[in-house]
Amino acid sequence: MARMYYDEDANLDLLNDKTVAIIGYGSQGHAHALNLKNSGVNVIVGLYEGSKSIPQAEDAGLTVKNVADASKAADLIMILLPDEVQRSVYENEIKPNLSAGNILAFAHGFNIHFGQVVPPADVDTIMVAPKGPGHLVRRTYEQGEGVPCLFAVYQDATGQARDRAMAYAKGIGGTRAGILETSFREETETDLFGEQAVLCGGLSELIKSGFQTLVEAGYQPELAYFECLHEVKLIVDLIVEGGLAQMRDSISNTAEYGDYTRGPRLITSETRAEMRKILQEIQSGQFAREFVLENQAGKPGFTAMRRQEAEQPIEEVGKDLRAMFSWLKK
Ligand code: NAD
Ligand code: MG
């Protein structure tokens with residue numbers, strides 16, 4: 001079993017005399033900034049002039065500077081911008097303001113692993129990646145708990161990079177739940193694979209295909225929505241709580257028999273071969289190149305796909321049904 005580290009393994013004092021700049025105040029940014037502040041860390045927020053997040057951060061009692069000034073003032077700079085803008089913000093506003101012994105930190109390895117950000121040799125480069133969305137990172141912290149994190153060292157300039165990463169993880173509440181050591185490469189490749197093959201890509205297509213099959217066969221779209229989308233959460237909650245076994249304990253024997261006999265007909269050797277191909281495209285940098293170029297081109301394909309997906313019948317039906325639930329609840 002891989003080792004998990006907890007509160008007693010990490011030393012928050014390593015951040016005592018440090019200023020931490022959180023760059024970006026989105027999903028992860030607001031949670032890291034507020035948790036660190038509540039942990040007694042001296043934290044500032046870096047945002048571009050005119051950002052809508054400035055009043056929010058200031059109302060929460062945080063000092064806000066532009067990205068360059070925040071980077072200059074800080075010892076530890078945590079970049080919590082969307083992955084596709086990190087390279088240009090780093091080049092223009094962060095890199096010129098780094099000094100020897102600083103710590104550059106990330107919550108996902110993409111930009112370092114694929115060479116989009118190349119830190120100077122005298123700067124520690126670390127990752128602390130919560131395995132959950134920002135609102136959970138904040139909410140669990142307020143409840144005295146935390147979200148498990150991955151941590152990694154890419155470059156240890158000071159001999160302290162690993163301890164500093166663990167201290168940061170403690171500051172955001174991660175060591176309350178447990179943190180697991182990894183590398184930038186492993187985190188990046190497994191994170192991309194998980195979201196593409198299972199969590200986002202795989203699951204979305206499975207839901208849509210099930211819905212389409214029922215609707216094309218003449219069943220009511222509302223029923224198809226319940227069966228193929230709404231109930232996913234009930235099943236996933238059981239799986240997360242007690243593994244596949246607990247889910248199979250809770251469902252009917254009819255459902256369990258259908259699971260064993262029909263599931264393997266959907267995810268076939270052909271599907272698994274495609275999964276390996278998707279993984280190989282991640283490992284070779286082909287996916288990263290495609291995503292970087294797509295963004296450089298102004299996201300023409302990304303924008304079109306977003307629109308097409310929003311127009312899917314399941315989305316239309318879902319919007320109406322969910323509006324009805326909230327009306328029923330009142
Ligand atoms: P987000 O989109 O929620 O927030 C990004 C922030 O950056 C916003 O405050 C936005 O205003 C700001 N921003 C956008 N463009 C900017 C620009 N050009 N200059 C300056 N600021 C700009 O992002 P997020 O989901 O919190 O992701 C941040 C990082 O955390 C990413 O590396 C991501 O992979 C990682 N991460 C996210 C999650 C998650 O669940 N959201 C989980 C783990 C790791
Ligand atoms: Mg992810």
Side-chain angles (χ1 to χ4, degrees), residues 21-36 43-60 62 64-71 74 77-97 104-114 116-117 119 125-141 146-152 154 165 168-169 172-174 177 179-180 182 184-196 199-200 282 287-288 291-292 295-296 298-299 302 306:
I22 302 296
I23 310 300
Y25 199 71
S27 174
Q28 290 293 327
H30 89 284
H32 290 225
L34 294 173
N35 290 5
L36 288 168
V43 52
I44 58 178
V45 173
L47 288 169
Y48 60 93
E49 334 249 337
S51 161
K52 278 178 277 174
S53 302
I54 294 175
Q56 271 176 274
E58 285 177 343
D59 288 350
L62 293 158
V64 179
K65 297 175 185 284
N66 67 40
V67 176
D69 289 344
S71 305
I77 298 130
M78 171 53 108
I79 305 182
L80 295 174
L81 303 170
D83 295 308
E84 67 276 15
V85 309
Q86 291 187 9
R87 179 190 169 97
S88 72
V89 175
Y90 172 79
E91 285 296 325
N92 299 322
E93 290 160 86
I94 298 174
K95 189 164 95 177
N97 296 300
L104 194 62
F106 297 83
H108 178 35
F110 188 96
N111 281 282
I112 289 288
H113 179 63
F114 292 116
Q116 301 299 295
V117 169
T125 307
I126 62 172
M127 170 168 47
V128 178
K131 288 287 101 181
H135 72 269
L136 267 189
V137 174
R138 179 57 184 156
R139 196 202 305 152
T140 53
Y141 182 95
V147 167
C149 297
L150 300 178
F151 75 100
Y154 174 75
Y168 185 97
I172 62 169
I179 61 172
L180 187 66
T182 181
F184 274 65
R185 177 186 168 189
E186 183 179 52
E187 185 276 339
T188 304
E189 293 177 355
T190 56
D191 188 71
L192 292 174
F193 179 79
E195 64 205 21
Q196 292 175 18
L199 306 173
C200 309
I282 292 166
F287 173 78
F291 185 60
V292 166
N295 281 292
Q296 277 173 11
K299 313 190 189 204
F302 203 164
R306 269 190 181 146

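Atom set for the values below is all heavy atoms of this structure, side chains included, hydrogens, waters and symmetry mates excluded. When a ligand or atom number is given, it counts from 1 through the structure's own listing order.
- Residue-ligand proximity, P133 to ligand 1, at heavy-atom distances under 4.0 Å covers atoms 40 (O).
- Selection from Y25, Y48, F110 by nearest heavy atom to atom 13 (N) of ligand 1 gives Y48.
- Between atom 29 (C) of ligand 1 and the options V147, L81, L150, V137, the minimum heavy-atom separation is to L81.
- Of all the heavy atoms in C149 and I172, the pair that sits closest is SG-CD1, 4.1 Å.
- Any N or O atom pair closer than 3.5 Å counts here, and H108 shares no such pair with ligand 1.
- Using cut-offs of 30° and 60° for the angle between ring planes, the H108 and F110 rings count as tilted.
- Considering each of A129, G24, P82, the one bringing a non-hydrogen atom nearest atom 5 (C) of ligand 1 is P82.
- Of the candidates I94, I112, I79, I112 is the only one forming a side-chain contact (heavy atoms from CB on, under 4.5 Å) with V117.
- Checked against a 3.5 angstrom limit, the closest N/O atoms of G26 and ligand 1 fall inside it.
- Taking the ring centroids of Y168 and H32, they lie under the 6.0 Å cut-off.
- By the 4.0 Å N-to-carboxylate-O rule, E91 lies too far from R87 to be salt-bridged with it.
- For P130, every heavy-atom contact with ligand 1 shorter than 4.0 Å involves the backbone, none the side chain.
- Within the 4.0 Å heavy-atom shell around ligand 1 one does not find K131.
- Ligand 1 lies less than 4.0 angstrom from a heavy atom belonging to V89.
- Nearest heavy-atom pair across A70 and A21 is O-CB, 3.7 Å.
- Taking only nitrogen or oxygen atoms, main chain and side chain alike, S51 does not reach within less than 3.5 Å of ligand 1.
- Using a 3.5 Å distance cut-off with no hydrogens or angles, the side chains of E186 and T190 do not pair a donor with an acceptor.
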